Amino acid sequence: MAPPSQASPFLKNPPVIHLWSQTLIPTMREAPAEAETPSHVLLLRAGYVRKLGAGIYDYLPLAQRVLTKIATIVRQEMDAAGSREVLLPAMLPIELYKDTRRDVDYGDLLFKVSDRKGAVCALGPTHEEPITEAVKGSVTSYKQLPLSLYQIQTKFRDEARPRAGLLRCREFIMKDAYTFHTSVEGVGGLNEAYDRMYAAYVNVFTRCGLDFTVVEAESGPIGGSASHEFMVNAESGEDTILKCPVSGYAANVEKCEIGERPRGTLQEAPSGELTEVHTPNLPGIDEVGKFMKVKPDRMLKSIVFRIVEHGEGSAGMTWVVAVVRGDHDVNEGKVKTAAGAKKIELAPEKEARSAGFAIGYVSPKTVNSVPGTMLLIDPDVSGGGFWASGSDKADHHVKHFNWRREVGAKLDDPRYVKLADVRNALAGDPSPRAKDAKLVTGRGIEVGHIFKLGTKYSEAMGLTVLDETQQRRTVIMGCYGIGVSRAMASSIEQNHDADGIVWPAPIAPYHVIITTLKAEHMTVAEKLGAELAAAGCEVLIDDRDERPGVKFKDADLIGVPVRIVIGDKALAENAVEFKPRKSKDKPVNVPMGEVVAKALEALGA
RNA sequence: CGGGGUGUAGCGCAGUUUGGUAGCGCGUUUGACUGGGGGUCAAAAGGUCGUGGGUUCAAAUCCCGCCACCCCGACCA
């Protein structure tokens with residue numbers, strides 16, 4: 001399209017009528033062997049992306065158009081939520097991370113480059129530090145707050161295992177927003193901004209046509225439900241989410257609470273005499289169970305954690321042993337909370353061994369044998385009956401473990417022994433929010449995450465303002481992310497069929513594809529394209545000299561919502577063939593004069 | 001980081017066991033016929049066989065090292 005001949009101070013979008021022959025859409029008949037998930041296969045096959053390396057992709061013209069549309073929706077909603085766009089460097093001097101120690105904590109996930117002088121820069125994986133630094137340099141008074149800033153930018157994370165095409169990349173496009181406050185509550189406070197962001201995110205993902213679930217995620221330092229994840233419901237998702245069908249409660253598996261479960265008294269009688277069994281060279285609990293002829297749900301799994309930072313409940317303790325059923329998974333966050341500690345870690349094997357833990361064969365009895373050990377017992381293992389357990393001795397387990405007989409008096413000392421929910425929730429567990437309701441599970445792709453940061457970064461980096469009483473106050477922050485490139489792939493996970501992608505109109509690369517069957521149809525195609533463009537449609541004309549079958553297959557593959565075919569049959573009655581991509585019906589003839597209205601209707605405009 | 005697997009033309013693969021002229025399908029180019037759901041015929045272009053070394057008269061093939069990529073797991077503000 002020719003540019004406007006006169007320079008105008010107001011930029012307007014020129015009409016979009018693109019020719020297939022003049023863009024780059026390298027569709028493929030066969031999917032590359034490396035791709036497995038639907039979005040990965042289709043993005044490659046339909047010519048949206050090309051892989052350059054593990055987790056590194058070219059965005060070809062179609063992908064770039066979709067990304068731009070998602071980014072536009074994000075910008076509109078961020079702007080409406082009172083956030084202002086910035087663009088910070090992707091290349092960040094490593095010194096920026098010294099105060100927050102994330103150069104260490106982030107570890108290998110951080111990409112690093114060095115300049116000619118040997119100075120090291122990190123490629124930004126997220127931007128809490130640089131944004132805090134930027135605000136620190138320009139905000140000094142409470143009168144300048146609250147403030148909300150966002151950017152859309154390429155991020156870099158050296159993922160241990162990139163996978164599934166755009167769903168987990170090492171280089172990806174993200175929107176990250178940060179808000180700054182002097183208070184948590186009240187007008188201008190963090191909670192208000194958080195709620196606005198929450199609403200903006202709902203708008204963004206709804207407008208993108210995504211089917212999503214908002215789940216509670218791990219709590220921030222402020223407590224309560226201080227973090228939410230926006231999960232696109234898809235089988236290929238990496239995250240497990242749990243929902244209560246009655247109350248609407250939803251959470252990710254790390255966070256999900258479990259309702260009241262039956263529990264034992266720790267007073268039950270033994271099921272038999274404690275018997276030691278030699279179990280050599282068995283790698284896991286399943287193998288041990290098979291060898292001992294004990295089902296995993298009658299085995300005790302005792303996992304040792306070390307307290308890294310003490311909290312109110314963990315004084316005097318060094319180790320925490322969490323005991324769950326053999327077929328259950330220990331939840332580190334719940335262990336931390338139940339232990340009353342601020343930070344824990346899976347016990348380093350070497351140190352745990354020298355303290356007296358027979359790693360791999362630990363039993364709850366270690367609460368008596370290793371000083372400074374706290375025992376957390378999950379309700380599901382707190383009862384009587386038969387239990388098998390480690391024996392605190394390499395290559396040996398015991399049968400007929402009994403709480404009272406084996407552990408004894410310490411069971412009654414709440415400083416040392418607690419009954420607590422310390423495992424991951426499972427489908428069928430009681431809901432924490434509705435009586436008699438049971439949790440159900442689903443898979444999700446995390447496309448958004450909002451988080452109340454509190455003062456973690458502002459305190460470490462010294463971001464303060466003077467308040468109305470001339471007191472220095474540490475600024476309170478929130479951060480909010482959207483995976484833009486991941487959202488594109490997520491949409492395909494939800495919107496595809498055997499023939500290809502089926503885009504929702506708001507983020508489709510084009511609204512209408514005009515397929516010509518003969519070269520002499522181009523005049524009609526261009527005239528119709530201009531009419532559609534004038535009505536606001538973005539049009540792709542497939543002008544290639546290909547056989548009709550090829551063009552139909554490609555049109556379906558790339559997933560443009562409305563297809564118009566120009567061919568002799570319909571032209572004879574001054575009409576074109578019209579077919580929405582998502583419709584299973586045969587194309588219908590639409591008179592030339594009604595095409596634009598019909599297209600707008602099909603697009604939901 | 002642990003386990004499994006793969007590197008041969010733009011894509012999908014065979015050839016490797018048993019060393020001896022690098023092949024097939026799709027795609028691409030040219031021409032003809034064709035023309036409504038991935039056409040037919042004819043001709044053609046395109047490959048340091050991931051990479052470095054070794055063995056051998058001779059290596060895609062055997063040996064050693066390295067690299068890249070995929071899948072499962074661990075990990076994932």
Side-chain angles (χ1 to χ4, degrees), chain A residues 24 26-37 40-41 44-47 50-56 97 100-110 122 124-129 131 155-165 167-170 172 174 176 178 217-221 227 229 238-239 252-254 283-284 329 332 345-346 445-446 449-454 456-457 477-481 483 486 498-500 515-521 542 544-557 563 565-572 576-577 579 586-587 589:
Chain A
L24 180 62
T27 58
M28 283 182 281
R29 193 163 178 170
E30 284 174 287
E34 67 193 40
E36 296 201 347
T37 42
H40 193 193
V41 171
L44 288 165
R45 266 197 71 204
R50 273 185 66 86
K51 188 181 77 176
L52 193 58
I56 308 174
Y97 289 90
T100 56
R101 284 185 45 82
R102 282 218 294 183
D103 52 337
V104 179
D105 292 349
Y106 229 93
D108 290 336
L109 217 53
L110 209 56
T126 173
H127 276 66
E128 283 82 4
E129 284 87 354
I131 195 82
K155 301 287 195 232
F156 301 87
R157 292 182 196 180
D158 192 3
E159 295 283 352
R161 188 149 97 80
R163 74 184 115 195
L167 288 179
R168 181 167 292 276
C169 279
R170 296 197 296 171
F172 58 98
M174 178 168 148
D176 48 323
Y178 307 89
E218 59 194 63
S219 288
S227 178
E229 288 173 347
E238 294 181 89
D239 300 296
N252 68 21
V253 71
E254 284 78 31
D329 289 321
E332 189 172 325
E345 64 177 6
L346 199 61
I445 304 164
E446 181 190 346
H449 195 166
I450 58 178
F451 206 84
K452 293 182 185 175
L453 279 178
K456 180 176 175 186
Y457 294 93
M477 294 171 57
C479 74
Y480 319 84
R486 187 182 268 186
D499 293 317
T515 300
T516 60
L517 297 187
K518 289 184 180 171
E520 57 260 40
H521 296 152
D542 188 352
R544 296 175 299 167
D545 179 23
E546 289 286 353
R547 295 177 65 81
V550 173
K551 294 181 150 194
F552 294 148
K553 286 287 184 192
D554 275 349
D556 286 349
L557 188 56
R563 188 187 75 194
V565 177
I566 297 180
D568 289 333
K569 287 182 194 169
L571 272 185
V576 295
E577 283 168 40
K579 182 182 171 299
K586 295 250 180 216
N589 281 5

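As the structure is a prediction and not an experimental result, all values here were calculated from the model. Each chain gets a letter, A, B and so on, in the order its sequence line appears, and its residues count up from 1.
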Whole-Å gap separating P (B:rC75) and CZ (A:R157)
17 Å

Set of side-chain contact (heavy atoms from CB on, under 4.5 Å) partners for A:D158, sequence neighbours left out
A:F111, A:R170

With sequence neighbours excluded, what pairs up with A:D568 under the salt bridge (Lys or Arg N to Asp or Glu O under 4.0 Å) test?
A:K518

Could you give the CD-to-C1' distance, from A:E446 to B:rC76, as a whole number of Å?
10 Å

Going by modelled atom types, is there a donor-acceptor pair between the base of B:rA77 and the side chain of A:R102 at under 3.5 Å?
no

Quick one: list whatever passes side-chain contact (heavy atoms from CB on, under 4.5 Å) with A:A160, sequence neighbours left out.
none

Non-neighbouring partners of A:C479 that pass side-chain contact (heavy atoms from CB on, under 4.5 Å), sequence neighbours left out
A:E128, A:Y178, A:F451, A:L453

Salt bridge (Lys or Arg N to Asp or Glu O under 4.0 Å) involving A:K51 - partner list, sequence neighbours excluded:
A:E34

Residue list, side-chain contact (heavy atoms from CB on, under 4.5 Å) with A:L557, at least two apart or on another chain
A:T27, A:L42, A:R45, A:A46, A:D554

For nucleotides 5-9 of chain B, which of its nitrogen or oxygen atoms have a protein nitrogen or oxygen under 3.5 Å away, and what is each distance?
none

Would you give a per-nucleotide map of nucleotides 23-29 of chain B, 5' to 3', where B means the base has a protein non-hydrogen atom under 4.0 Å away, S means only the sugar-phosphate does, and - means neither?
--BSSS-

Between B:rC76, B:rG39, B:rG38, spot the one nearest the side chain of A:D554, thanks.
B:rG38

Test of understanding: with side chain to side chain donor-acceptor pair (under 3.5 Å), list the residues that count as partners of A:H449, not counting sequence neighbours.
A:S227, A:E446

Reading nucleotides 69-74 of chain B from the 5' end, what letters show protein touch, with B for base, S for backbone sugar-phosphate only, - for no heavy atom under 4.0 Å?
SSSBBB

Spacing of A:D542 atom CG relative to B:rG37 atom P, expressed in whole Å:
15 Å

Choosing from B:rC76, B:rG38, B:rA77, which nucleotide comes nearest the side chain of A:M174?
B:rA77

Set of residues satisfying salt bridge (Lys or Arg N to Asp or Glu O under 4.0 Å) with respect to A:D499, sequence neighbours excluded:
none

Might you list the N or O atoms of the protein lying below 3.5 Å from N or O atoms in nucleotides 47-51 of chain B, with each pair's distance?
none

Whole angstrom is fine here: how far is it from NE2 in A:H449 over to C1' in B:rA77?
8 Å

